[in-house]
Amino acid sequence: MLSYPDFAYRQLVVHIAGGSGERLRFRADTVVVEDAEGKTLLRHSCHRLFALFIIGECMLTSTVIHQAVRFGFPIILMNRNLRVIAAIRCSAEGNTSLRRRQYTDGGLAIHVARNLVRQKIDNQILLMKRLRYRSADDQEALAALSALTLPVGADTAVLRGIEGTASRIFFSAYFRPMGWNRREPRCRRDPYNTLLDIGYTYLFNFVDALLSLYGFDLYCGVYHTFFYQRKSLVCDLVEPFRCIIDRRLRKAHNLGQIDPSDFTVRNGMHELCWKRQEKYTRLFLKDLLQEKEALFRYIHAYYRWMMKADPAAAFPVYAIGE
């Protein structure tokens, strides 16, 4: 399994393909992206790759797939709307001891779910407390968030209700300067919902890659229920970290980095122009990479906690930094 020093040495690489003639190939322990004329567009050492994202149309050679498995980095293929088309994973699939723990609940699921929801709300509270200027409405929202409690013995349905209440309070207050309406996942009713979808997509795939290092069954969730082809465990473990994307979106707005002209509207849905994707990708990935140590250590601690299968053991905690 990957140690932290090895992980810290590795990098997350995103390539936005410019045309259908681009090709991804392997040369001397290096991944190379070439255009249709053979000109090198990207070159990166396989020894330093943690994950490679390809956005747009690009051809893969079988040698690259073989080397991705050899060097242990996933290749995630996404379309221009940042939907994952396919992913080549390099996970510890033979970790049967871990999967046996996952499949044998033993009362751990609700304990994990409770911790994840509590940490998500705590990080929303932290973001609200760090606002430089808080209006009366902000103070009211902060008080409402702080007053939320998770009843002892609450099931996942109750926890989801409390989480939904917290998110509505948080979004309406934290994003009020943007003229926020409401959070609508995947509906793209405005540029801000579209950007949240993009940021959460990168976060999701980053956590997915980290969980794969240990051989988790990504479809076996503890908070999000089982659903066909949904990676419920990844949905679970992104919850404490959504605040990273939320904070970046507000910062980008305050710094004037969000330009409405970067979006086109089609059938009432705001789509990010192809030529502007790299700009926003850089914004979100910068913050994710700044938090990559915290993400790695959290997933590592969660793995160790799961192997102990002891509710009395300290559960990993993530609190967003300044």
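Just so you know, these numbers come straight off a predicted model, no measurement behind them.
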Check: A28 main-chain N/O paired with T30 side-chain donor or acceptor under 3.5 Å
yes

I'd like to check the ring pair (Phe, Tyr, Trp, His ring centres under 6.0 Å) partners of F50; sequence neighbours left out, ordered by chain and number.
F7, F206

Check side-chain hydrogen bond (donor to acceptor under 3.5 Å, both in side chains) between S146 and all other residues, then give those that pass, not counting sequence neighbours.
none

Report the distance from atom CG of D246 to atom CZ of R183, rounding to the nearest 0.5 Å.
8.5 Å

So, T104 side chain and R101 main chain: donor-acceptor pair closer than 3.5 Å or not?
no

Report the residues that fulfil side-chain hydrogen bond (donor to acceptor under 3.5 Å, both in side chains) with D208, sequence neighbours left out, ordered by chain and then residue number.
R89, S212, K231

Mind checking salt bridge (Lys or Arg N to Asp or Glu O under 4.0 Å) for R160 and listing every partner two or more places apart, or none if nothing turns up?
none

Taken in chain and number order and not counting sequence neighbours, the residues that satisfy salt bridge (Lys or Arg N to Asp or Glu O under 4.0 Å) with R276 are D262

Taking salt bridge (Lys or Arg N to Asp or Glu O under 4.0 Å) as the definition, give me every residue that meets it alongside R242, ordered by chain and number, with sequence neighbours left out.
E239

Dump the intermediate steps for salt bridge (Lys or Arg N to Asp or Glu O under 4.0 Å) on E291 and R247, then the final yes or no.
CA-CA 12 Å; E291 296 288 336; R247 180 182 62 181; 3.7 Å; yes

List in chain and number order the residues that pass ring pair (Phe, Tyr, Trp, His ring centres under 6.0 Å) with F284, two or more places apart in sequence or in another chain; answer none if no residue qualifies.
none

Any residue meeting side-chain hydrogen bond (donor to acceptor under 3.5 Å, both in side chains) with D29, in chain and number order, not counting sequence neighbours
H47

Hey, does the side chain of H270 reach the backbone of V265 with a donor-acceptor pair shorter than 3.5 angstrom?
no

Not counting sequence neighbours, list each pair that qualifies as a salt bridge (Lys or Arg N to Asp or Glu O under 4.0 Å) and has a residue in residues 135-148.
D138-R176

Got more than 12 heavy atoms from elsewhere within 6.0 Å of CZ, R48?
yes

List the residues meeting side-chain hydrogen bond (donor to acceptor under 3.5 Å, both in side chains) with Q102, not counting sequence neighbours, and say none if there are none.
none

When you measure from the side chain of Q67 to the backbone of V31, do you find a donor-acceptor pair of N or O atoms at a distance under 3.5 Å?
no

Checking N267 side chain against M269 main chain: does a donor-acceptor pair fall under 3.5 Å?
no

Whether R186 side chain and D197 backbone form a donor-acceptor pair below 3.5 Å
no

Mind checking ring pair (Phe, Tyr, Trp, His ring centres under 6.0 Å) for H300 and listing every partner two or more places apart, or none if nothing turns up?
Y214

Indicate yes or no for a side-chain donor-acceptor contact from K286 to the backbone of R248 under 3.5 Å, with no hydrogens or angles considered.
no

Donor-acceptor pair, R250 side chain versus Y174 backbone, under 3.5 Å?
yes

Under the ring pair (Phe, Tyr, Trp, His ring centres under 6.0 Å) test, residues paired with Y223 that sit two or more places apart
none

Of F204, Y200, Y318, which is the lone residue that meets ring-ring contact (aromatic ring centres under 6.0 Å, His included) with F241?
Y318

Would the distance check show the side chain of N193 and the main-chain N or O of R182 forming a donor-acceptor pair, the cut-off being under 3.5 Å?
yes

